[in-house]
Trainee: 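The structure follows.
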Protein chains: 2
Amino acid sequence: MTATAMLEEDRLDETFAALANSTRRAILARLAQSDATVNELAAPFAMQLPAISKHIKVLERAGFIVRSRNAQFRPCRLAPDRLAEVATWADQYRSIWDDRFDRLDQQLSRRRRAAQPTAPKGTNDR
Amino acid sequence: MTATAMLEEDRLDETFAALANSTRRAILARLAQSDATVNELAAPFAMQLPAISKHIKVLERAGFIVRSRNAQFRPCRLAPDRLAEVATWADQYRSIWDDRFDRLDQQLSRRRRAAQPTAPKGTNDR
DNA sequence: GTTGTAGTTTCCTCCTAGGTTAATTATCCA
DNA sequence: TGGATAATTAACCTAGGAGGAAACTACAAC
């Protein structure tokens with residue numbers, strides 16, 4: 001068993017926990033534009049550098065970003081796997097929300113048809 | 001401004017925080033099969049009822065489930081909006097992971113071709 | 001009424017997350 | 001060598017999450 005053994009469920013915990021913070025999501029959004037250093041990533045935030053450094057560490061541990069070295073710099077790059085994992089997880093439920101939205105849509109259509117024939121003017125429900 | 005005004009970012013915090021727990025994700029998976037009461041949802045877990053009740057409250061506040069009343073029962077039903085929101089959020093990054101996976105794929109192909117120097121010109125793996 | 005079932009709330013403990021400041025490491029450059 | 005820049009680590013604080021136990025509310029059935 002490797003040192004980095006991790007249950008699927010535990011990794012999903014870490015994945016979603018990493019996303020449950022707007023600063024970290026903003027960092028990911030920034031990295032979607034291009035790779036960036038810690039200072040570049042920190043610039044938009046009213047927050048000390050160590051705080052950003054910790055956020056980056058969380059994202060790195062969760063596997064959302066990978067880092068290299070260039071002199072004093074530690075540039076960050078987006079890694080695709082965790083993002084794809086989130087999309088795949090949500091997609092499990094696609095049939096459900098498609099169904100529910102369809103049903104809602106049908107209800108609205110029925111209501112619209114019911115309202116239509118006898119609706120001369122201004123008889124809008126709600 | 002409504003009483004339930006909430007910034008998009010704050011709601012995403014709540015959305016992802018709700019998902020960052022395997023018990024809660026399991027509850028969602030169970031509800032994908034059918035609606036269920038609190039006791040039914042609690043059955044698979046080695047955990048006291050109050051703990052489950054709290055998890056349900058978290059999911060409800062986050063908007064993942066809606067509840068009705070039926071005598072003493074408070075059946076839970078999956079609500080589609082937050083799940084769709086997660087899928088939409090992840091989908092923002094689809095181009096990125098498509099690109100990266102493609103590039104990785106190309107690199108592997110080049111390496112494969114380099115490893116087969118005897119392959120005639122124009123031969124393509126895959 | 002009383003009793004039983006379903007679920008929630010309160011209070012407690014333990015632990016972690018997010019932020020601060022100050023100190024420390026690593027690397028370049030003059 | 002010594003100083004500037006980039007980033008991390010350490011020490012600390014506060015707030016909140018996850019769980020348990022016990023008490024409580026709500027409804028039904030007898």
Side-chain angles (χ1 to χ4, degrees), chain A residues 6-7 9-28 30-31 34-78 82, chain B residues 6-7 9-28 30-31 34-78 82:
Chain A
M6 193 169 203
L7 294 173
E9 285 300 312
D10 291 341
R11 201 186 55 217
L12 277 170
D13 283 3
E14 209 177 15
T15 298
F16 285 120
L19 296 180
N21 178 288
S22 63
T23 301
R24 287 196 291 265
R25 289 195 307 278
I27 289 174
L28 293 183
R30 167 65 185 77
L31 288 174
S34 73
D35 300 355
T37 66
V38 177
N39 273 288
E40 287 168 347
L41 290 174
F45 299 104
M47 202 181 293
Q48 301 304 317
L49 206 60
I52 300 294
S53 191
K54 286 179 195 170
H55 281 306
I56 290 173
K57 194 189 243 178
V58 170
L59 289 170
E60 187 185 14
R61 283 193 54 106
F64 279 102
I65 66 181
V66 291
R67 315 188 66 179
S68 48
R69 309 192 65 134
N70 178 14
Q72 316 100 302
F73 303 89
R74 309 281 197 89
C76 301
R77 163 171 312 206
L78 216 51
R82 288 291 84 73
Chain B
M6 194 170 201
L7 293 175
E9 285 300 311
D10 291 341
R11 201 185 56 216
L12 276 170
D13 283 3
E14 208 177 18
T15 297
F16 285 121
L19 296 179
N21 178 287
S22 63
T23 301
R24 287 195 291 264
R25 289 195 307 278
I27 289 175
L28 293 182
R30 167 64 186 78
L31 288 174
S34 72
D35 299 356
T37 66
V38 176
N39 272 289
E40 286 168 348
L41 291 173
F45 299 104
M47 198 180 296
Q48 302 305 317
L49 205 59
I52 300 295
S53 190
K54 288 173 197 171
H55 281 306
I56 290 173
K57 194 191 241 178
V58 171
L59 290 171
E60 188 184 14
R61 282 193 55 105
F64 279 101
I65 66 182
V66 291
R67 316 187 67 181
S68 47
R69 309 192 66 133
N70 178 13
Q72 315 98 303
F73 304 90
R74 310 280 197 89
C76 301
R77 162 170 312 205
L78 217 51
R82 289 290 84 74

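Throughout, protein chains are lettered first and strands after them, A, B, ... in sequence-line order, and every chain is numbered starting at 1. These numbers come from a predicted model, not from an experiment.
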Trainee: Considering only heavy atoms, which members of residues 9-24 of chain B lie under 4.0 Å from some atom of DNA chain C?
Mentor: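 The stretch gives none, as no residue of it lies under 4.0 Å from the strand.
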Trainee: For residues 12-21 of chain A, which side-chain N or O atoms pair as donor and acceptor with protein atoms under 3.5 Å away, sequence neighbours left out?
Mentor:
from    : atom 1 : to      : atom 2 : distance (Å)
A/Asp13 : OD1    : B/Ser22 : N      : 3.2
A/Asp13 : OD1    : B/Arg25 : NH1    : 2.8
A/Asp13 : OD1    : B/Arg25 : NH2    : 2.9
A/Thr15 : OG1    : A/Arg11 : O      : 2.8
A/Thr15 : OG1    : A/Glu85 : OE1    : 3.0
A/Asn21 : OD1    : A/Thr23 : N      : 2.9
A/Asn21 : OD1    : A/Arg24 : N      : 3.1

Trainee: Mind running a 4.0 Å heavy-atom check of residues 62-78 of chain A against DNA chain D and sending the residues that fall below it, in number order?
Mentor: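 Those residues are A/Arg67, A/Gln72, A/Phe73, A/Arg74.
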Trainee: Give me the first and last nucleotide of DNA chain D, going 5' to 3', that has any atom under 4.0 Å from a heavy atom of chain A.
Mentor: D/dT5 to D/dA11
Trainee: I need the full list of side-chain hydrogen bond (donor to acceptor under 3.5 Å, both in side chains) pairs touching residues 60-76 of chain B, with sequence neighbours left out, sorted by first then second residue.
Mentor: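 As it turns out, there is no side-chain hydrogen bond (donor to acceptor under 3.5 Å, both in side chains) pair with a partner in residues 60-76 of chain B once direct neighbours are skipped.
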Trainee: Mind checking what makes salt bridge (Lys or Arg N to Asp or Glu O under 4.0 Å) contact with A/Asp10, not counting sequence neighbours?
Mentor: none
Trainee: For B/Asp35, give me all partners under side chain to side chain donor-acceptor pair (under 3.5 Å), at least two apart in sequence or on another chain.
Mentor: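 Testing B/Asp35 for side chain to side chain donor-acceptor pair (under 3.5 Å), a comparison that skips the adjacent residues, returns B/Arg77.
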Trainee: Please classify the nucleic acid contact of B/Gln48 as base, sugar-phosphate, or nothing, using heavy-atom distances under 4.0 Å.
Mentor: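 Sugar-phosphate contact only.
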Trainee: Near DNA chain C, under 4.0 Å by heavy atom, which residues of residues 50-57 of chain A?
Mentor: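 Nucleic-acid contacts, sorted: A/Pro50, A/Ala51, A/Lys54, A/His55.
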Trainee: Please find the earliest and latest nucleotides of DNA chain C, in the 5' to 3' direction, that have an atom within less than 4.0 Å of any heavy atom of chain A.
Mentor: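 Going 5' to 3' along DNA chain C, contacts run C/dG18 to C/dC28.
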Trainee: Quick one: CG on A/Leu31 to SG on A/Cys76, what's the gap to the nearest 0.5 Å?
Mentor: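 Reported to 0.5 Å precision, the distance equals 6.0 Å.
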Trainee: Between B/Asn39 and A/Met47, which residue's closest nucleotide on DNA chain C lies nearer the 5′ terminus?
Mentor: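 Nearer the 5' end of the strand: B/Asn39.
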Trainee: Within this structure, what is the CG-CD1 distance for the pair A/Leu41 and A/Ile56, rounded to the nearest 0.5 Å?
Mentor: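 Going from the CG atom of A/Leu41 to the CD1 atom of A/Ile56 covers 5.0 Å.
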Trainee: Looking at B/Ile27, B/Leu28, B/Val66, B/Leu59, which hits side chain to side chain contact (heavy atoms under 4.5 Å, CB included) with B/Leu78?
Mentor: B/Leu28
Trainee: Taking only residues two or more places apart in sequence, or in another chain, which ones meet A/Glu40 in a side-chain contact (heavy atoms from CB on, under 4.5 Å)?
Mentor: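 A/Glu40 satisfies side-chain contact (heavy atoms from CB on, under 4.5 Å) with A/Arg30, A/Ala36, A/Thr37 once adjacent residues are dropped.
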Trainee: Between A/Ala42 and A/Leu49, what is the shortest heavy-atom contact and its length?
Mentor: CB-CD1, 3.5 Å
